[in-house]
2 protein chains.
Amino acid sequence: MKLPSEKSAGRRKSRPTFESLQPHEIELADFFVRMAGILGVPRSVAEIYALLYISPGPLDFDHIQGRLGMSKGSVSQGLKFLRGHEMILSVKEKGARRERWQPTPSLAASLVALLRSQVLPALEQAQPSLQRVLADVQQHGANPEVVERLTRLNRWNSRALELAPLLLPPPGA
Amino acid sequence: MKLPSEKSAGRRKSRPTFESLQPHEIELADFFVRMAGILGVPRSVAEIYALLYISPGPLDFDHIQGRLGMSKGSVSQGLKFLRGHEMILSVKEKGARRERWQPTPSLAASLVALLRSQVLPALEQAQPSLQRVLADVQQHGANPEVVERLTRLNRWNSRALELAPLLLPPPGA
DNA sequence: CCGATGTTTCAATAATTTTTGAACTTAGGC
DNA sequence: GCCTAAGTTCAAAAATTATTGAAACATCGG
């Protein structure tokens, strides 16, 4: 099933044409796009993941670009993101020049990595900040209820920070 | 501590001036803005919440607008959002015309409500969609690995839907 | 090294989301 | 009922975020 098309005279190497997405592929992509949205992950990234997820084997750069009809730049950045969060793996065939991509075996692990990368830095950065705010408020002899609130917030943050390694274990554990 | 300012001749009712935020208030707002960002909640909403959180008592519309220097529209929409997610309460004093707002006692409960409202609808909407995709893929006699992946995805979604009431209990429970 | 293929970068553009403010609605006091 | 203060709505503007594509870079086989 290959449309020859594209004037293609004798010259080799006219860039191949790709089928556009099938209805069921679109539906799965919509699902991933929606879920990704919750975590603030851009559409193009979710689409790439969905395509790899529903494809019977690893795909290379050009296939991804062709089937999704998106720019090189987006594909490159999307793959970078997915790689960075260990959501995809490259399968480099021996004699081949190009890399081919497929989803990491565990989607669950991927999601954990994603969450981790969003939440942990925020919690870490917050720690000193929250402590300063609490100190400030106590100094200025503020309302006891406010002091209480901020104390609780601080405790929360610390606990979350302690628990994080358990709930969102780093890749090597 | 009240700046008289504003040419204010004898006429009553020049709109009052409000102090701009103190450094520690800004720092707390930054914290909330950052956390809200993870959940896709806009800056203005986080700022309003932060202000109520660090204020010694409930604040009315004009105070919020004045101290944060934001538009009426934003304050109105922000309060609507926070109300909708049960993150703030109004304290209506007897003889008073205007409502005054303060944070709900439990920030934890508020966050749960927020998460719930984002995640649950997505999971529910996904269910039939995922089932259709799986059926489609099975019909077209696709790669067994893909079928396996989609089956797992379906199971996950169902489980999440079952567990949701436990992890993200609705307000009345 | 060279030339060609494959990929990344990043400034410009497009798309999306948030904020504003003026017109409109609602509710209370008289 | 009318008038006014209080709050809401929503179209337009501003701000932010995502995407594109052309130029730069990297890497491999010869």
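Checking C:dT8, C:dT19, C:dT7 against every side-chain atom of A:Ser76, the shortest atom distance belongs to C:dT8. Comparing D:dA6, D:dT19, C:dT7 by their nearest atom to the side chain of B:Arg98 picks out D:dA6.
Ring geometry for B:Tyr49 against B:Phe32 counts as perpendicular: the plane angle is over 60°, on a 0 to 90° scale with 30° as the lower cut.
B:Arg83 comes within contact range of the sugar-phosphate backbone alone, with a heavy-atom separation under 4.0 Å but no base atom that close. The residue B:Ser74 sits close to a base: some heavy atom pair falls under 4.0 Å.
Atom CG in B:Asp60 sits about 17 Å away from atom C1' in D:dT8, given to the nearest Å. As rounded to whole Å, 14 Å separates atom P of C:dG6 from atom CD1 of A:Ile64. Protein atom NZ of B:Lys80 is 8 Å distant from nucleotide atom P of D:dC10, rounded to whole Å. Following rounding to the nearest Å, A:Met70 (CE) and C:dA14 (P) show an atom-to-atom distance of 18 Å. One atom, CZ of A:Arg43, and another, P of D:dT16, lie 23 Å apart when rounded to the nearest Å. As a whole-Å value, the separation of A:Gln77 CD from C:dC10 P is 10 Å. In this structure, A:Leu68 places its CG atom 15 Å from C1' of D:dA18, rounding to the nearest Å. Look at CG on A:Leu79: it is 12 Å from C1' on C:dG6, rounded to the nearest Å.
Note that CG of B:Leu111 and CG of B:Leu39 are 7.0 Å apart. Values are rounded to the nearest 0.5 Å.
Side-chain atoms of A:Arg34 do not come within 3.5 Å of backbone N or O of B:Ala122 as any donor-acceptor pair.
OP1 or OP2 of C:dT18 has not a single side-chain nitrogen or oxygen of B:Ser44 nearer than 4.0 Å. The phosphate of D:dG21 (OP1 or OP2) has no side-chain N or O of A:Ser71 nearer than 4.0 angstrom.
The 5' end of DNA chain C is approached more closely, in terms of each residue's nearest nucleotide, by A:Glu99 than by the other of B:Gly73 and A:Glu99.
A donor-acceptor contact closer than 3.5 angstrom links the side chains of A:Asn157 and A:Gln127.
A:Val45 has its side chain out of reach of A:Leu79: every pair of non-hydrogen atoms, C-beta onward, lies at least 4.5 Å apart.
The base of C:dT7 lies close enough to the side chain of A:Lys72 for a donor and an acceptor atom to sit less than 3.5 Å apart.
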